[in-house]
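These notes are about the structure you will find just below.
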There are 2 protein chains.
Amino acid sequence: MTVVGRAADRSAEHGPASQQDMRRQNLAVVLGAVATHSPLSRADVAGRVGLTRAAVSSLVDELIGRGAVTEAAATASGRVGRPGRALTLRDEGPAGLGLEIGVTHLGACVVDLRGEPRVWRRVERANAGRPAGQVLAEAAALAAETEAEAAALGLRVEGRLLAVPGVVPNQPGGLVERAPNLGWCGVRLADHWPDPDTVPEPENEANLGALAEYWNAGRPEETFVHVSAGSGIGAALVIDGRLFRGARGFAGELGHLPVHPDGPECACGARGCLEQYAGEAAVRREAGLAGGPTGTGPGDPVALLAERAAAGHVPTLRALDRAGRALGLALTSAVDLVDPDSLVLGGAYAELAEWLVPPVRAELAARVTVRPWAPEALRPSALGRRGPLLGAALTTVRRIRADPTLLPAG
Amino acid sequence: MTVVGRAADRSAEHGPASQQDMRRQNLAVVLGAVATHSPLSRADVAGRVGLTRAAVSSLVDELIGRGAVTEAAATASGRVGRPGRALTLRDEGPAGLGLEIGVTHLGACVVDLRGEPRVWRRVERANAGRPAGQVLAEAAALAAETEAEAAALGLRVEGRLLAVPGVVPNQPGGLVERAPNLGWCGVRLADHWPDPDTVPEPENEANLGALAEYWNAGRPEETFVHVSAGSGIGAALVIDGRLFRGARGFAGELGHLPVHPDGPECACGARGCLEQYAGEAAVRREAGLAGGPTGTGPGDPVALLAERAAAGHVPTLRALDRAGRALGLALTSAVDLVDPDSLVLGGAYAELAEWLVPPVRAELAARVTVRPWAPEALRPSALGRRGPLLGAALTTVRRIRADPTLLPAG
DNA sequence: CTAATTTGTTGAGAGCCCTGACAAATACCC
DNA sequence: GGGTATTTGTCAGGGCTCTCAACAAATTAG
């Protein structure tokens, strides 16, 4: 059973506020303070967030009762006065499960409330073209193993998310509308998942990668565009610290931005889409690597590209430069439209950043002229291809942090 | 003295919640219900928003005390039971002042709490290149006259916004960072405004036009891109019903999207910017209207273009088609990135929509292929060039609706 | 050991909403 | 016309959650 659903969005927006809402928000505020500045005493929290010690005391009691926070022994602070008792996020109890279905692998991980990964599993599987039910059954088995391992560490999974390389509509319902690289179309997870109590919620992998990047390295309320190349090119927009999915969940479809309107025809029917220059297939073709293996196993094409580029292989360098310039053009549009704090190259791009960043920066410098723009605002992701899985697991943790009442009361 | 500042943003986000916050939100919820569905009785409001009649009664009493709502006589509803007393927004008392400085005119208007324009003034003035102080002094005089006229109608201006064709940074402080078409650079309104008690808050005209469009015709929580051509080409993003200004206030700089990366050089230093195809200067040049008059007076170039196009003037039609196709390319990028519910052609584009919409729709149909996209999602604005001024005035009204405690208690 | 300082808890009080009851005002029915 | 049903608006009582003020507990400084 999953306690944490899609409810954590604070977009009630126009409903009336109740005392419970107030309590909920203040629980979240206190938990957030403990999460980002622990260890903290009750008095520290009160001083930091602007509540009284009495109120914080009551809120902390509830958080302890719900299993989100623990109280360490007194801290010998060295300062005068009675020492406070240190509060920290629990490293047992509530946890989030992340799952990932890639073209060539399955992944699963569990993070504790602090956001630390505690279990991490990955198995290679050629998932492209296989029946969705078969893939999902294997994912469910991996999930069950992972949860069991987490349970041995004292962790109780409170929510499950599945990262997929495809389109997930905004409405809840567990539908993967399309995942071209897997060959999926209109797959409803609940129809194939063996255990109805553990059906995960699907989400686009690029979106989750962006959130992971934000939770891992972002500044509060930051606005940025996270570009990640998997089989397609996906961008995800994080606006004021929240994922922006667009009106129908299609936001960030960077791969088909028209960078050269009269360029080569794309599979989508248009001409000169970014994917024709910076997509995996285009880069491999251009670099003379067509038809090779895929995936992150031995012979992983991304690793191979990086290897050849590092060795000075000219066609590879030329292909990456061409990709970088096209990406720079597309990102110019993104910067003009969205005015982000930063741009992040994630996924496979993170591993090729050494060769992509210079041409991207050059295009941006030449074309983003009517506003301040610092080259350093473009940076590679620290998480790279681990982002989506981590983001999937962290989503549950962040939902709990945003609304601790999702946890069962003690 | 201005009661309403920039405070109405509900982005406290991570502060603690108090009972006053709860009260504030519930006042806003009740006021919002009255605003969108009036006339409504207290019981109607209670049923609609999910509060009890007792609570609504108390909230309505306070709204009446603050002068936001009035109580009409009993409504002879025809239904059984004691008739409710109809509540409506007041058409006297609190009001918003909008001001506009254009390249060729000054504008001012006052709207009442219902959002109805009650005073509307416009004077032609060649403002380009004149000292900012001089222009602002005239604007202040116009504002004073307009407020006086409003006062005669029983309206009390609670907040003032100034629409400018330029860049306004995110931080409050009344700074217009740059307004190229006026020749302004780093103008701080407070330094030039005669009366320190009535200094307006500047905001970009395209942003205000988009908000006006949203408040006038938008669906709740709608996400759309509002494109408006004035002297430059500005887009404004309304995301889930809120204006998105970007990390530094530069979001929506559509004019310099690279639509043909190797196209003609632009004044900004890059090549093939949208402005080279769909900007006012480019269209006029292409249509053979170079050097003519500007503004909306007699010989208004936009009206002239529309006139010639309607008459079948071939160069004009060709210029508009070229502009439309370039705009379609830029909007393809916007749709791919933002996935809006709709696209709105505002400002001068609204008056040329007849000739622009077909080529824009054609490009979108050809290039937006990987997601559902209905041609009708592109529509002309109903407000056209009146949008920015209306948006400026409505902003204050909307802030009051979002937080009625901004009004002085009765 | 005493004074000063800081922490965490407790009880009183205020603000706000909910519950339930009641008077007021209307329509329906005889 | 009068009684009943129905709906509205208000009032009193109660619960929840915060603030304020006071206090015991635990530590450092002298």
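Letters A, B, ... are given to chains in the order of the sequence lines, protein chains preceding strands, and every chain is numbered from 1. Small disclaimer: the values here were computed from a predicted structure and weren't measured.
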Inset, instruction - Tell me which nucleotide among C:dT26, C:dG8, D:dC18 gets nearest to the side chain of A:A43. - result: C:dG8
Inset, instruction - Could you tell me whether the side chains of B:R82 and B:S41 share a donor-acceptor contact shorter than 3.5 Å? - result: no
Legend entry - Contact summary for A:G15 and B:V29, nearest pair of heavy atoms: O-CG2, 3.4 Å
Legend entry - Length of the line joining A:M22:CE and D:dC16:C1', which is rounded to integer Å: 7 Å
Inset, instruction - Would you indicate what B:A54 reaches in the nucleic acid, counting non-hydrogen atoms under 4.0 angstrom: base, sugar-phosphate, or nothing? - result: base
Legend entry - Counterpart residues, salt bridge (Lys or Arg N to Asp or Glu O under 4.0 Å), relative to A:R118 (two or more places apart): A:D112
Inset, instruction - Would you kindly give the CG-to-P distance between B:D21 and C:dA14, to the nearest whole Å? - result: 21 Å
Inset, instruction - Return the value, rounded to whole Å, for the distance between atom CD of B:Q20 and atom P of C:dC16. - result: 7 Å
Legend entry - Minimum-distance nucleotide (side-chain atoms of B:P83 versus C:dA4, C:dA25, D:dA5): C:dA25
Legend entry - Whole-Å distance separating the CZ atom of A:R23 from the P atom of C:dC16: 19 Å
Inset, instruction - May I ask you to say what B:S18 touches in the nucleic acid, namely base, sugar-phosphate or nothing, with a heavy-atom cut-off under 4.0 Å? - result: nothing
Legend entry - Whole-Å gap separating P (D:dT8) and CG (B:L40): 11 Å
Inset, instruction - Might you confirm whether atom CD of B:E116 has over 12 heavy atoms from other residues, nucleotides or ligands at distances under 6.0 Å? - result: yes
Inset, instruction - Test for a donor-acceptor pair under 3.5 Å between the base of D:dT8 and the side chain of B:R82, counting only N and O atoms. - result: yes
Legend entry - Any N/O donor-acceptor pair, B:Q19 side-chain to D:dT17 base, under 3.5 Å: yes
Inset, instruction - Tell me whether the OP1 or OP2 atom of D:dT10 has a side-chain N or O from B:R42 closer than 4.0 Å. - result: yes
Legend entry - Side-chain ion pair, A:E158 and A:R66, N-O less than 4.0 Å: no
Inset, instruction - In whole angstrom, give the distance that lies between atom CZ of A:R85 and atom C1' of D:dA26. - result: 11 Å
Legend entry - Base of C:dG8 paired with side chain of A:R53 (donor-acceptor, under 3.5 Å): yes
Legend entry - Nearest-nucleotide comparison on DNA chain C, the residue closer to the 5′ end among A:G81 and A:S58: A:G81
Inset, instruction - Examine D:dT17: is either OP1 or OP2 under 4.0 Å from a nitrogen or oxygen in the side chain of A:N26? Give yes or no. - result: no
Legend entry - B:S41 side-chain proximity, nearest of D:dT19, C:dA4, D:dT8: D:dT8
Legend entry - Distance, rounded to the nearest Å, where A:R24 contributes CZ and D:dT17 contributes C1': 14 Å
Inset, instruction - Ignoring the backbone of A:D44, work out which of C:dT7, D:dT8, C:dC17 is nearest its side chain. - result: C:dT7
Inset, instruction - May I have the distance from A:E71 (atom CD) to D:dA26 (atom P), rounded to whole angstrom? - result: 13 Å
